[in-house]
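On a predicted model such as this, the values are computed, not experimentally measured, just so you know. Order of appearance sets the numbers: ligands from 1, and atoms from 1 within every ligand.
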Amino acid sequence: MTPVRWREGTLEILDQRRLPAAEVWLRCARWQDVADAIRTLAVRGAPAIGIAAAYAVALADDRPAAAVGLKAARPTAVNLAWAVERALAAADPLREAEAIAAEEAARCEAIATAGASLIPPGARAMTICHTGALATGGVGTALGVVRYAHREGRLREVVACETRPLLQGARLTIWECMRIGLPARLIVDGAAGQAMRRGEVDLVIAGADRIAANGDTANKVGTYGLAVLARHHGLPFYIAAPSSTVDRATPDGGAIPIEERDPDEVLRIGAPAGARASNPAFDVTPAELISAWITERGVHRSASDLVR
Ligand code: MRU
């Protein structure tokens with residue numbers, strides 16, 4: 001399972017909007033095609049959009065202009081700007097994109113290995129959005145951790161929040177869990193508190209789109225609510241992310257740009273014509289609600305250790 005592949009001078013993107021109903025590969029011959037795919041979530045997940053954007057730089061004639069356009073596609077995941085800058089600075093952007101993809105896969109492996117040690121025997125792990133292979137190009141971040149815990153015989157169940165409005169949890173996390181043989185159960189986002197209250201969850205683990213220098217962490221909208229609920233119920237709340245998601249230049253969560261998406265994504269399931277909606281794609285979980293950050297360097301119990 002890979003989100004992108006380079007074939008004969010074009011970037012092919014597995015269209016995640018169509019999953020799980022259909023496996024359709026989009027052929028992107030121009031950087032603008034890749035920017036569109038990122039904007040419309042054909043490719044999504046912080047590491048994966050960074051990888052796709054780095055390949056897109058390799059497609060461009062005017063690389064500085066492409067870099068500006070690609071970075072503007074989605075504002076919250078810092079991996080996007082980070083990978084574009086790396087490709088732009090490289091003598092051979094294609095080789096650099098390949099190197100970024102390989103490094104992200106290696107980081108996932110290290111995250112999964114380090115994080116699995118935190119998962120107790122028989123654990124039921126709640127997660128949100130989708131943080132697996134299609135979001136990273138490797139084994140995943142949060143999903144990689146539970147995958148390795150399962151391999152080591154300690155995971156009882158993934159409890160996946162469906163992740164309104166675009167249902168990455170329902171469509172992608174459940175699909176990937178089924179493909180790799182992870183026991184998983186889907187709940188509506190609003191059922192998370194009740195599941196914790198009933199003692200059906202042992203920990204929460206999520207990915208990240210940007211981690212500020214003080215540890216405040218932006219991830220899919222709804223993550224903050226899970227962290228508050230976890231604290232109330234005395235459950236550990238973990239963030240799993242590669243170092244490419246840590247943004248030392250952003251001092252705290254208040255400075256993280258939060259993408260506001262089309263209100264129609266919220267309204268189209270049946271709101272009356274003329275209804276209004278807001279649609280922030282991410283929220284910020286303050287560092288004090290995070291038990292530990294898991295990166296390729298290990299388990300960090302404090303933000304100062306994380307950014308060291
Ligand atoms: O809007 P999306 O689907 O790109 O949001 C993705 C997330 O919030 C993920 O949790 C995050 O990017 C980490 S992916 C390993």
Side-chain angles (χ1 to χ4, degrees), residues 1-4 13-17 19 37-53 73-83 101 104-105 107-112 115 125-147 158 160-173 175-176 189 204-211 217-227 237-247 256-262 265-266 279-285 290 293-296:
M1 254 184 284
T2 177
V4 298
I13 291 177
L14 180 57
D15 189 345
Q16 297 189 35
R17 299 167 302 188
L19 289 172
I38 292 171
R39 213 177 351 260
T40 60
L41 274 56
V43 59
R44 43 137 312 274
I49 63 176
I51 294 165
R74 296 194 77 188
T76 302
V78 74
N79 307 61
L80 179 59
W82 170 86
E104 290 295 28
R107 289 191 187 103
C108 283
E109 187 81 27
I111 290 166
M126 181 175 281
T127 192
I128 183 169
C129 202
H130 170 261
T131 58
L134 291 177
T136 61
V139 291
T141 55
L143 204 60
V145 169
V146 294
R147 181 175 179 168
V158 174
C161 295
E162 62 175 352
T163 318
R164 275 276 288 145
L166 298 178
L167 303 178
Q168 291 93 330
R171 294 186 300 109
L172 303 174
T173 297
W175 180 74
E176 193 164 322
D189 296 336
V204 180
I205 184 162
D209 285 81
R210 188 184 301 227
I211 304 175
T217 297
N219 191 51
K220 179 54 56 193
V221 67
T223 304
Y224 169 50
L226 295 182
F237 178 91
Y238 300 117
I239 291 292
S243 55
S244 52
T245 304
V246 179
D247 181 13
I256 298 176
I258 299 295
E259 176 183 5
E260 192 68 37
R261 294 187 62 83
D262 187 343
E265 291 178 348
V266 177
N279 187 15
F282 302 97
D283 61 23
V284 175
T285 299
I290 298 170
W293 296 262
I294 306 154
T295 73
E296 72 274 12

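Under the salt bridge (charged side-chain N to carboxylate O under 4.0 Å, His left out) criterion, Asp189 pairs with no residue at all, not counting sequence neighbours. Looking at residues two or more places apart in sequence or on another chain, you find a side-chain hydrogen bond (donor to acceptor under 3.5 Å, both in side chains) between Asn279 and Glu265. A search for salt bridge (charged side-chain N to carboxylate O under 4.0 Å, His left out) contacts involving Asp247 returns Arg210, not counting sequence neighbours.
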List of N/O pairs, ligand 1 versus protein, all under 3.5 Å?
residue, atom, partner, partner atom, Å
ligand 1, 1 (O), Arg74, NH1, 3.3
ligand 1, 1 (O), Arg74, NH2, 2.8
ligand 1, 1 (O), Lys220, NZ, 2.8
ligand 1, 3 (O), Arg44, NE, 2.5
ligand 1, 3 (O), Arg44, NH2, 3.4
ligand 1, 3 (O), Gln168, NE2, 2.9
ligand 1, 4 (O), Gly45, N, 3.1
ligand 1, 4 (O), Arg74, NH1, 2.8
ligand 1, 8 (O), Asp209, OD1, 2.9
ligand 1, 8 (O), Asn219, OD1, 3.1
ligand 1, 8 (O), Lys220, N, 3.2
ligand 1, 10 (O), Asn219, OD1, 2.6
ligand 1, 12 (O), Ala46, N, 2.9
ligand 1, 12 (O), Asp209, OD1, 3.1
ligand 1, 12 (O), Asp209, OD2, 3.0

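For His130 and Arg44, the side-chain atoms include at least one donor-acceptor pair closer than 3.5 Å.
The side-chain heavy atoms of Val246 and Trp82, taken from C-beta on, include no pair separated by under 4.5 Å. Contact of the Trp175 side chain with the Leu134 side chain is registered, since non-hydrogen atoms from C-beta on lie closer than 4.5 Å.
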